[in-house]
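Remember, it's 1-based here, ligands and their atoms both numbered in the order they're listed.
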Amino acid sequence: MGVALALSFLLCFCLHGVSSGSPSFTSLFTLGDSYIDAGNFVIMAPPAVPVWHDKPPYGMTFFGRPTGRLSDGRVTVDFIAEQFGLPLLRASLLNSSSDNVSKGVNFAVGGATAIDVDFYERSKLVQFKLINNSLNVQLGWFEQLKPTICNKTLLGHRECLSKALFFVGEFGVNDYNFVWNAGKTEDEVRSYVPKVVKNIVMAVETLIKEGAVYVVVPGSPPNGCSPTMLTTRSSLNKTMMYDHVGCLSDINRVAKYHNSMLRAAIDALRGKYSHAKIIYADFYGPIITILENPSRFGVAGADALLACCGGGGAYNWNASAVCGMPGVKACKDPSAFVNWDGIHYTEATYRFIAEGWLHGPFADPPILSALRY
Ligand SMILES: *[C@@H]1O[C@H](CO)[C@@H](O)[C@H](O)[C@H]1NC(C)=O
Ligand SMILES: *[C@@H]1O[C@H](CO)[C@@H](O)[C@H](O)[C@H]1NC(C)=O
Ligand SMILES: *[C@@H]1O[C@H](CO)[C@@H](O)[C@H](O)[C@H]1NC(C)=O
Ligand SMILES: *[C@@H]1O[C@H](CO)[C@@H](O)[C@H](O)[C@H]1NC(C)=O
Ligand SMILES: *[C@@H]1O[C@H](CO)[C@@H](O)[C@H](O)[C@H]1NC(C)=O
Ligand SMILES: *[C@@H]1O[C@H](CO)[C@@H](O)[C@H](O)[C@H]1NC(C)=O
């Protein structure tokens, strides 16, 4: 009896941090691409690949130095970590003797795809050598690290993983961009959606089978609103169609199609693993919400689709003068911009998204209510 009580106290302690009195997770493990990368791309990039996001003004708002994150400060998963009293996750490829992985690690790498990179090379959709950083590779890193994760706890391994929060994504934007940039039609890009979604779902399923219970799966952002896509595609085609907030209709239609297919796949997974809490995180809605009413968010209407940091042009994105290059400046106040560098978002945008994922309305169910069952 005494042992049982002690154990149940321990379980409570693990799941509901005593100091705050509110429920919590014991750790956070994240897979994804450049929207959450905390430095893995900088470590993986071969010397021939030019990297600019390891230079100022990246990191100017929060860290005061570049960290390998593609923003002026924290990204979504950093705000999630803060909410649960966890440390901001370090990049998984960063060797560090001073800490361990018991509270989590970030496996995300910029440019990561849901479909293995060999596919894009073999099919000649991309003409250059890709970094081997796909979803499957990141899952492999997790498997390698797994014996050390949850080691030294009194709980069993599965029990320990069940108290962690996992992120799988965002994945898909890089897959679709390779196909768009190869000059393919909207229908051809759409034809990749089922395979991308299938790979994401397979990864979620693998983690659940290994003991994960809480898994957040972010959808696709409205990539048709990114200054890079707006600049490159508008210059190729003078009759592009734009949606109600000035973004490229075809790209955003594919993003929405991906999201509806992903949601349906998550519903199916919930039926199969009823004990798991699989959360769909809407990455599209919060950004469109800001773009529909920028002044409510402190963003000037004229700046809504412009990058904060860039070297000129209609959307302040210039392929020959990108953020991080010498002489390319950031705007004075990144929190008055939605987009940071032409692709990625400002810390202010990421904070708004993370709040919507934690508390709603941009997650189904909101992370905090999933924890309070
Ligand atoms: C980390 O350690 C591994 C194994 O010792 C080594 O191969 C790798 O190059 C190191 N990575 C960095 C970024 O130092
Ligand atoms: C890892 O960190 C946790 C919490 O900070 C600590 O309890 C544990 O002993 C550490 N493990 C190792 C192997 O250093
Ligand atoms: C990528 O890494 C995985 C896992 O290490 C390996 O199986 C695969 O062959 C690699 N692919 C390429 C293109 O190097
Ligand atoms: C797990 O912890 C034990 C005891 O602290 C240690 O001896 C062992 O090396 C650890 N295993 C791994 C894979 O880190
Ligand atoms: C230009 O965009 C319009 C509207 O999306 C499309 O109908 C047309 O086929 C495009 N033209 C070319 C050359 O891609
Ligand atoms: C883009 O950057 C290049 C190199 O700095 C510069 O020559 C060019 O004028 C810029 N284009 C625009 C539209 O600002």
Side-chain angles (χ1 to χ4, degrees), residues 29 31-34 37 40-41 43-53 55-57 91-95 105-148 168 171 174-175 177-179 182 192 195-196 198-200 202-203 206-207 210 226-238 240 246 302-303 305-331 337 339-343:
F29 296 95
L31 280 62
D33 60 18
S34 57
D37 184 354
N40 277 340
F41 184 90
I43 295 169
M44 281 189 100
V49 174
V51 177
W52 299 109
H53 67 268
K55 299 178 180 63
S92 59
L93 301 177
L94 203 66
N95 294 330
V105 70
N106 184 345
F107 297 100
V109 196
T113 48
I115 300 173
D116 289 349
V117 297
D118 343 13
F119 169 79
Y120 293 100
E121 292 174 352
R122 268 187 287 114
S123 61
K124 303 266 185 293
L125 279 165
V126 290
Q127 306 300 328
F128 47 91
K129 181 89 190 112
L130 290 167
I131 293 174
N132 193 6
N133 59 2
S134 68
L135 172 51
N136 270 330
V137 171
Q138 293 180 30
L139 207 52
W141 293 341
F142 173 72
E143 300 300 334
Q144 275 174 20
L145 211 60
K146 212 166 56 131
T148 58
V168 179
F171 284 99
N174 292 305
D175 297 79
N177 278 358
F178 285 150
V179 190
Y192 287 81
K195 187 161 185 203
V196 166
K198 188 173 149 232
N199 283 12
I200 295 169
M202 273 166 42
T206 300
L207 293 171
E210 292 178 353
S226 76
T228 50
M229 287 311 234
L230 283 162
T231 303
T232 52
R233 291 177 70 78
S234 303
S235 70
L236 291 172
N237 185 344
K238 299 294 170 220
M240 283 311 295
D303 294 337
L305 293 174
L306 267 61
C308 159
C309 180
Y315 299 96
N316 195 31
W317 183 78
N318 179 345
S320 15
V322 299
C323 189
M325 283 182 181
V328 178
K329 289 197 163 48
C331 60
F337 280 72
N339 193 283
W340 164 246
D341 61 1
I343 300 174

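Pairing of Cys309 with Cys323 by a disulfide is supported, the SG atoms lying closer than 2.5 Å.
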Let me see the working for Asp341 and His53 under side-chain contact (heavy atoms from CB on, under 4.5 Å), right down to the final yes or no. CA-CA 9 Å; Asp341 61 1; His53 67 268; 5.7 Å; no

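Distance check on atom 9 (O) of ligand 3: every protein heavy atom falls at or beyond the 4.0 Å cut-off.
Among all protein heavy atoms, the one lying closest to atom 14 (O) of ligand 6 is Gly311 O, 3.5 Å. Looking only at protein heavy atoms, the nearest one to atom 5 (O) of ligand 6 is Ala321 CB, 4.0 Å. Among all protein heavy atoms, the one lying closest to atom 4 (C) of ligand 6 is Ser320 O, 4.1 Å.
How far OG1 of Thr231 is from OH of Tyr315: 7.0 Å, rounded to the nearest 0.5 Å. The CG atom of Leu94 sits 4.5 Å away from the CD1 atom of Ile43 when rounded to the nearest 0.5 Å.
Looking at Phe171 and Asn199, their side chains never come closer than 4.5 Å, going by heavy atoms from C-beta outward. Two residues are said to be in side-chain contact when any heavy atoms from C-beta on lie closer than 4.5 Å; Tyr192 and Asp175 fail this criterion.
For atom 3 (C) of ligand 3, the nearest non-hydrogen atom from the set Asn132, Asp116, Val117 comes from Asn132. For atom 2 (O) of ligand 6, the candidate residues are Asn318, Thr231, Val322; the nearest heavy-atom contact is made by Asn318.
Atoms of ligand 6 found under 4.0 Å from any heavy atom of Gly312, numbered from 1 in the order shown, are 14 (O). In the vicinity of Val137, heavy-atom distances shorter than 4.0 Å reach the ligand 3 atoms 1 (C), 2 (O). Contact atoms of ligand 6 toward Gly313: 13 (C), 14 (O) (distance under 4.0 Å to a heavy atom of the residue).
Under the 30°/60° scheme for interplanar angles, the aromatic rings of Phe29 and Phe107 are found to lie parallel.
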